[in-house]
Amino acid sequence: MKIIIQTILALITFNIVQAQTLIPIPDTLSGSTINLFIAEGSKQFFNGFNTNTIGYNGSYLGPAIILNKGQHVTMNVHNQLTDTTTTHWHGLHVPPINDGSPHNPIMAGATWSPSFQVMDKAATYWYHPHLHGKTMDQVLKGASGLIIVRDEEEAAHILPRTYGVDDIPLIFQWQTLDNTTKQIVLNDELDNTTLVNGTINPYVNVPAQVVRLRMINASSHRFFEFGFSDNRTFHQITSDDGLLDAPVALSRLLLGPGERAEVLVNFSGQAGQSYYIKQYGTQLPAGYPGGPAGMMGGPLGPLDNTNFDLLKINVQTATINPVTSIPSTLTTNTVYSSVGASNFNVSITGIPPMSMTDFLMNGVKYDMDVINMTTSVNNIMTWNITNQSMMPHPFHIHGNHFFVLKVNGADPPLNLRGRKDVVIVPPNGGSVQLITKYSDYGDSLLPYMFHCHILSHEDNGMMGQFIVKPDGFLGLSESISVSDKILFYPNPVNDLLYIFIPGIDVHSSISCKVYSISGSFVLSATSMNNSSIDVSGLLPGQYIVQIVSGTYHNSFTFLRE
Ligand code: C2O
Ligand code: CU
Ligand code: CU
């Protein structure tokens, strides 16, 4: 009897709270100047409950930034939080100084304005905060948004691309919402809710034709095993950072935190019908968060290892010029040859072995002052990542795409054979081999990050950093000790650039030579330690400063606004 009453109560509660809601389509921003305002807000996920959130240009999530390959863009990120933040352009090929990593903090009240050329191929990227130790906090509360890059190659194909009509952004998230207060709980291991575009119990309307869905797993912790309620076949056309060689037919799509996929779904002739995108949690591999228990024990979240509806899809009449077929080919991805490549090995372990939150890479945790690997511009490098822990880790590298060569020693599935920036490393001795090449943006001092994209793992130090040295640039690369600390501020700078070398007497004189990013000498100046040089005469852009004080020498890059 008790159970029956509880069930009835649960059903009533479900019906009262869970009215189906049309998902919002995020606004778009485009052009050469993008203004983002990150701020605290509040949102009613459940009627009558104000949930505290963080969003960009709104209370939860952010606008979709539409960029064209080749264009220049200046991003003005205005930090209206009471806390420091950073904004990372996940997947975009930008120099470390513009990457929005933990090394590019934006203080409360400040504006950060990185400026760069869009060098990436058409695909769906995203942006989110990356302040070390606070990433999960800020992202879970809602701070993230999509970046859609368009290019001529993609435009030449007959593909759906009318944003919000037949080209639909779908931001899938797991969340933990407190049962009583409906506040976002910063414990991603207990996720009890899924959202699409910030909406609970969501639906979307699509036309009866081929539709493109831009899908992202923007969760902190859990994996999605997507499929349709009628088990239909759909076609994946992009991996994280670009088109696949050809559409890949799938009935299930696995996305780990941080991964994206664009898929084509053919709803031709199905007007008036409704379908669901479902989570097939029972079909996730054992030990994958959201799926059946692995060696670490039973499922922790109430929705783990279950199949349930994520998003209702109502098919409506077709548009006037519908796309009705799936292209047969898309692009040619040319994977670098690994012959003669250098190797970097990453070994993932848990501490203790059963831990769900504490993981090491090569035996260490992240330290902002330690460089874990150094490569140089144009160096082709294979990364061999092995996972001795009992759960999978979505491994992400900043600054450039990579190609997956092997998963557990075998050729990767077809939908992992395009440009990627996150790859799932399977548990219990699993491995991934991938290959990278950084063709430009060498920086002797500022690193790029590599890390697990489970945000609690990242915040707990499952992250490392690497330097891409400018290849033979000014002969500087050999002489630099990256462990030498140097402070310079502000950056970007308008006029006075302050330089401080800790450990050197404040009365020492420092001689500075400033070079443009292409290597031409532009300015020489002398400063006292902890004083400034005047760079107001320089044109806006990125510069490299070589500094010498007695036997001490070093270099760094800065941006003149
Ligand atoms: Cu999406 Cu280093 O992050
Ligand atoms: Cu990233
Ligand atoms: Cu991890």
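Read the numbers this way: they start at 1 and go in the same order the structure lists the ligands and their atoms. The structure presented is a predicted model; accordingly, all values stated were derived computationally and were not measured.
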Self-check item: Residues Lys420, Asp240: salt bridge by 4.0 Å N-O rule
Solution: yes
Quiz item: Hey, is the Cu ion (ligand 3) within less than 2.8 Å of some N/O/S atom on His393?
Solution: yes
Quiz item: N/O/S of His398 less than 2.8 Å from atom 2 (Cu) of ligand 1?
Solution: yes
Quiz item: Just wondering, more than 12 heavy atoms not from Asp27 lying within 6.0 Å of its CG?
Solution: no
Exercise. Write the atom name of the N, O or S atom in His88 that is nearest the Cu ion (ligand 2).
Key: NE2
Quiz prompt | Trace of the ring pair (Phe, Tyr, Trp, His ring centres under 6.0 Å) decision for Phe223 with His221 | solution = CA-CA 7 Å; Phe223 292 60; His221 193 100; 8.2 Å; no
Practice problem: State, to the nearest 10 degrees, the angle whose vertex is the Cu ion (ligand 3) and whose arms point to ND1 of His457 and SG of Cys452. | Solution: 120°
Quiz item: So, for His393 and Phe359, is the gap between ring centers shorter than 6.0 Å?
Solution: yes
Practice problem: Look at Asp191 together with Arg222 and state whether they make a salt bridge at an N to O cut-off of under 4.0 Å. | Solution: yes
Quiz item: Does the shortest distance from the Cu ion (ligand 2) to an N/O/S atom of His453 fall below 2.8 Å?
Solution: no
Exercise. Please confirm if an N, O or S atom belonging to His130, backbone or side chain, lies less than 2.8 Å from atom 2 (Cu) of ligand 1.
Key: yes
Self-check item: Considering only N, O or S atoms of His451, the one closest to atom 2 (Cu) of ligand 1
Solution: NE2
Exercise. Output yes when Lys134 and Asp459 qualify as a salt bridge under the 4.0 Å nitrogen-oxygen rule, no when they do not.
Key: no
